[in-house]
Amino acid sequence: MDYAVEVSGLVKKYGDFAAVNDISFAVNPGEIFAFLGPNGAGKSTTIKMLTTLLQPTSGRMEINGYDPVTQQDEVRKSFGIVFQDPSLDDELTAYENMEFHGVLYGVAKETREGRIKELLGIVELTDRKDNLVKSFSGGMKRRLEIARGLLHHPKVFFLDEPTQGLDPQTRNHIWDYIKNLSKKEGITIFFTTHYMEEAEKVAQRVAVIDHGKIVTTGSPAELMTQTESATLEEAFLKLTGHEIREEEAGAVDRMRAARRMWRH
Ligand code: ADP
């Protein structure tokens with residue numbers, strides 16, 4: 001069987017320190033997969049390697065059958081991504097942001113307009129399409145980023161904390177859009193979140209990573225049974241411990257730098 005995402009023996013070292021330390025997992029086509037772990041566990045490093053932004057030290061990866069190290073163009077066409085921080089152009093309208101992305105990805109003119117309209121409709125932004133993005137709320141921006149990330153018909157959609165900082169109503173709506181799109185177009189969803197109740201509700205399968213190692217994989221129900229927990233949050237805490245992980249200072253800066261690199 002061909003997987004949508006396949007990782008085997010993946011390692012990323014910084015000097016002697018292994019940020020990602022020999023991880024293996026696979027995600028089925030069309031699956032909604034949560035990649036969970038405390039701060040500093042190795043989630044972003046893994047996503048950056050999968051999305052061609054970072055070279056692995058060793059190991060093998062495949063996205064939609066392509067190798068992110070040797071087949072970067074094919075891989076980049078195969079996935080869409082929504083980063084933690086907004087990456088829209090505030091001085092453009094919603095439609096223009098979509099159009100810009102479509103041109104960048106070489107989406108043919110004949111199909112572009114229809115696809116933009118369809119996606120703006122799905123995320124309920126049709127009546128705001130000609131407004132500047134700087135007038136948008138956080139939730140509207142996130143919806144637009146989701147629509148934009150799917151414009152080029154990716155097979156795999158990476159979402160790094162897509163609902164971070166949004167109110168529960170908006171979070172629910174966002175997951176409804178994502179689930180519907182995944183079902184309608186057979187898109188594989190690979191997401192991170194710190195909201196364990198979201199992962200419990202939405203994910204078909206979960207991998208828990210900590211200190212660069214995969215601790216366990218399984219459905220939320222399997223993880224709860226395995227740890228004798230009533231909720232995924234309880235299971236997560238049993239699997240990864242209770243001590244506070246300090247948000248390490250450079251992480252946000254590095255994500256921003258990676259995004260700038262990606263856009264230029
Ligand atoms: P997460 O996304 O799960 O919060 P990261 O993948 O950002 O974790 O980081 C994993 C570990 O690798 C952390 O300990 C982090 O400090 C370290 N790390 C990440 N990037 C670098 C880098 N460029 N140089 C050195 N260490 C790094």
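One is the number of the first residue; the rest follow in order along the sequence. Predicted model, so just to flag it, every value in this text is computed and none were measured. As a basis for the values below, the full set of heavy atoms in this structure was taken, side chains included, without hydrogen atoms, waters or symmetry mates. In each ligand, atom 1 is the first atom listed, and ligand 1 is the first ligand listed.
Not a single N or O atom of T46, backbone or side chain, sits closer than 3.5 Å to an N or O atom of ligand 1.
When the heavy-atom distances from atom 8 (O) of ligand 1 to A19, P38, G42, G212 are ranked, the shortest goes to G42.
The backbone N or O of R148 lies less than 3.5 Å from a partner atom in the side chain of H101, making a donor-acceptor pair.
Under the rule for a side chain to side chain contact (heavy atoms under 4.5 Å, CB included), the partners of N172 that lie at least two apart in sequence or sit in another chain are K201.
Side-chain contact, R142 with T163: no donor N or O sits under 3.5 Å from an acceptor N or O.
Heavy-atom contacts of N39 reach the following atoms of ligand 1: 4 (O) (cutoff under 4.0 Å). Close approach to K43 involves these atoms of ligand 1, each under 4.0 Å from a residue heavy atom: 1 (P), 2 (O), 3 (O), 4 (O), 6 (O), 8 (O). Residue F17 has at least one heavy-atom neighbour below 4.0 Å for each of these atoms of ligand 1: 11 (C), 12 (O), 14 (O), 17 (C).
A distance of 6.0 Å or more separates the ring centres of W175 and Y195.
Contacts classified as ring-ring contact (aromatic ring centres under 6.0 Å, His included) and involving residues 33-60 (residues at least two apart or in different chains) are given here: F25-F33, F25-F35, F33-F190, F35-F190.
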